[in-house]
Amino acid sequence: MPGVNFDRAAEYYDETRGLPEGVAERIRDAIIAFTKTDKASKFLEMGIGTGRIALPFIRGGYDYTGVDISLEMMAKLEQKLAGEDTSAYNFRLQTADITHLPFADNIYDVALMVHVLHLVPNWQAAVEEARRVLQPGGWLVVGNELAAKPKSEVTSYSRSANDQWYTVLRELGVNMEKQQVGVNWRDPQPLLDYLAEIGANAQLVDLLTYEFAGITPRAMLARHRDRLYSSDWTLPEDIHAEAVRRVQNWLDHECPSPDQLEANPASFRAIVATWPD
């Protein structure tokens, strides 16, 4: 079963998931350093989206293939490259379900899945497909961006606003954990266990830490109000409207600084796996 299609989010995805300037290049460099790969290596990104991870690889001349089920998201990537001299680029895009890749066995040196497996119900099939298309000794990198500090130490008001949103949803009887269709990054152990079960040597590593600018609580509520996050897309109208009302009330009467922006440390955390030759 394919994951969630992000066609509807293509116009605003980078606004909500974009990385600070220079961080995508640092993520690329950290992946290359960890996997000991170079421009002779072949990279595959499963769920390439708008290219926020891919573009530094592409512009750096790496051999890079990207697949996604969303034509609109990949169109945004192509728009970013419009007008550039792409003669030195070595990339290709293809529409594909990451649980059924249209590639032969043992092609790629690195398979990347970043911020995608939580959207794939049959995520085990995607992992198996990555294993199939990787060359012996190749690397699977399953990454996500997370707060670098424990939740209790994160001071960003925007994170408090986000917590308030999910607290209200729980009060309204919505269990977002149960609604998540794929891998839960708050608990990576099932993915680590599955990788061990299928013979991989896997580890959880923080490949990079960096500063990200949060958004204000008011702006965070606006994102949820406008259903910019995929977790909000399936909320019933009455539940969604009541959650907006309650969080707006909290914003108006209890939030200490509804318009304050505060930077916080973040981590690009990855489960990195390889199979013995």
Side-chain angles (χ1 to χ4, degrees), residues 1-21 23-25 27-28 31-32 37 39 41-104 107-123 125-127 129-130 132-134 139-145 181-183 223 226-233 268 270:
M1 180 184 297
V4 180
N5 189 309
F6 267 56
D7 277 352
R8 65 183 285 180
E11 290 299 323
Y12 62 78
Y13 184 81
D14 289 341
E15 178 185 334
T16 60
R17 290 294 180 189
L19 295 164
E21 185 176 355
V23 169
E25 288 77 11
I27 290 173
R28 175 202 61 196
I31 291 170
I32 290 168
T37 45
K39 290 185 181 179
S41 306
K42 295 181 181 297
F43 293 81
L44 169 67
E45 185 171 355
M46 302 163 66
I48 192 171
T50 62
R52 66 195 189 102
I53 301 299
L55 283 169
F57 285 93
I58 293 171
R59 288 172 171 146
Y62 289 85
D63 186 322
Y64 207 87
T65 299
V67 301
D68 207 292
I69 59 173
S70 171
L71 288 170
E72 295 297 327
M73 293 283 277
M74 288 191 292
K76 282 295 176 183
L77 190 165
E78 291 179 313
Q79 286 177 22
K80 294 174 186 177
L81 295 172
E84 297 184 19
D85 179 4
T86 61
S87 59
Y89 297 174
N90 185 17
F91 78 101
R92 60 216 58 84
L93 303 176
Q94 186 163 340
T95 307
D97 172 2
I98 65 172
T99 65
H100 294 90
L101 292 173
F103 306 123
I107 298 177
Y108 298 100
D109 297 289
V110 179
L112 303 172
M113 289 187 277
V114 179
H115 199 71
V116 66
L117 277 191
H118 65 295
L119 301 166
V120 183
N122 188 16
W123 57 266
V127 172
E129 280 292 88
R132 179 182 65 79
V133 301
L134 281 170
W139 293 91
L140 170 63
V141 180
V142 182
N144 208 339
E145 307 93 50
V181 298
V183 171
R223 288 184 178 182
D226 296 339
R227 297 183 185 256
L228 298 192
Y229 296 116
S230 60
S231 57
D232 295 330
W233 293 351
F268 184 79

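Because the structure is a prediction, the values reported are computed rather than measured.
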| query | Should the pair E45-R52 be classified as a salt bridge under the 4.0 Å nitrogen-to-oxygen rule? | reply | no
| Salt bridge between D63 and K42, side-chain N to carboxylate O under 4.0 Å? | yes
| task | Determine the minimum heavy-atom distance between A130 and L140, stating which atoms define it. | result | CB-CD1, 3.8 Å
| request: Any chance you could lay out the ring pair (Phe, Tyr, Trp, His ring centres under 6.0 Å) test for Y108 and F103, step after step, and finish with the verdict? | output: CA-CA 10 Å; Y108 298 100; F103 306 123; 5.6 Å; yes
| message | Given 3.5 Å as the limit, does a donor-acceptor pair link the side chain of S70 with the main chain of M73, or not? | response | yes
| Taking every non-hydrogen atom, the tightest pair across H118 and V183 | CB-O, 3.0 Å
| request: For side-chain contact (heavy atoms from CB on, under 4.5 Å), just list the numbers for V127 and V142, CA-CA rounded to whole Å, side-chain angles, deciding distance to a tenth of an Å, and then say yes or no. | output: CA-CA 9 Å; V127 172; V142 182; 5.6 Å; no
| Do side-chain atoms of N90 reach the backbone of Y64 as a donor and acceptor pair under 3.5 angstrom? | no
| task | Find out whether V114 and F268 are in side-chain contact, i.e. whether some heavy atom of one side chain is under 4.5 Å from a heavy atom of the other. | result | yes
| task | Write down the atom of L77, the atom of G51, and the distance for their closest heavy-atom approach. | result | CD1-CA, 3.5 Å
| Do L228 and Y13 pass the side-chain contact (heavy atoms from CB on, under 4.5 Å) test, and can you show the C-alpha distance, the side-chain angles, and the key distance before you say yes or no? | CA-CA 8 Å; L228 298 192; Y13 184 81; over 6 Å; no
| Atom pair CG/CD1 of L112 and I53 - distance to nearest 0.5 Å | 8.0 Å
| Donor-acceptor under 3.5 Å (Y62 side chain, S41 main chain) | no
| How long is the span from the CD1 atom in I107 to the CG atom in D109, to the nearest 0.5 Å? | 11.0 Å
| Considering all heavy atoms, the nearest D14-T50 contact | OD1-OG1, 2.6 Å
| field | Sidechain N-carboxylate O distance under 4.0 Å for E72, R8 | value | no
| task | Using a strict cut-off of less than 4.0 Å between a Lys/Arg side-chain nitrogen and an Asp/Glu carboxylate oxygen, indicate whether E129 and R132 qualify as a salt bridge. | result | yes
| field | Residues R223 and Y229: side-chain donor-acceptor under 3.5 angstrom | value | yes
| message | Show, in sequence, the C-alpha distance, side-chain angles and deciding distance for S230 and F6, and conclude whether the side-chain contact (heavy atoms from CB on, under 4.5 Å) test is met. | response | CA-CA 8 Å; S230 60; F6 267 56; 3.7 Å; yes
| M113 CE to N144 CG distance, which is reported to the nearest 0.5 Å | 12.5 Å
| Which atoms form the tightest heavy-atom contact between M74 and V67, and what is the distance? | SD-C, 4.5 Å
| request: Salt-bridge test for D68 and K76: reply yes if a basic N is under 4.0 Å from a carboxylate O, no otherwise. | output: no
| request: Write down the atom of A111, the atom of L134, and the distance for their closest heavy-atom approach. | output: N-CD2, 3.6 Å
| query | Taking the inter-plane angle between the rings of F57 and F43 on a 0 to 90° scale, is it parallel (under 30°), tilted (30 to 60°) or perpendicular (over 60°)? | reply | tilted
| Chi angles and distances behind the side-chain contact (heavy atoms from CB on, under 4.5 Å) call for I69, I98 | CA-CA 8 Å; I69 59 173; I98 65 172; over 6 Å; no
| query | About how many Å separate OH of Y89 and CD1 of I58, when rounded to the nearest 0.5 Å? | reply | 8.5 Å
| From I48 atom CD1 to R92 atom CZ, the distance as rounded to the nearest 0.5 Å | 10.5 Å
| task | Carefully, step by step, assess E84 and R59 under the rule salt bridge (charged side-chain N to carboxylate O under 4.0 Å, His left out). | result | CA-CA 9 Å; E84 297 184 19; R59 288 172 171 146; 2.6 Å; yes
| Once you round to the nearest 0.5 Å, how far does OG1 of T65 lie from CD of Q94? | 8.5 Å
| task | Using a 4.5 Å cut-off on heavy atoms from C-beta on, say whether the side chain of F91 contacts that of L81. | result | yes
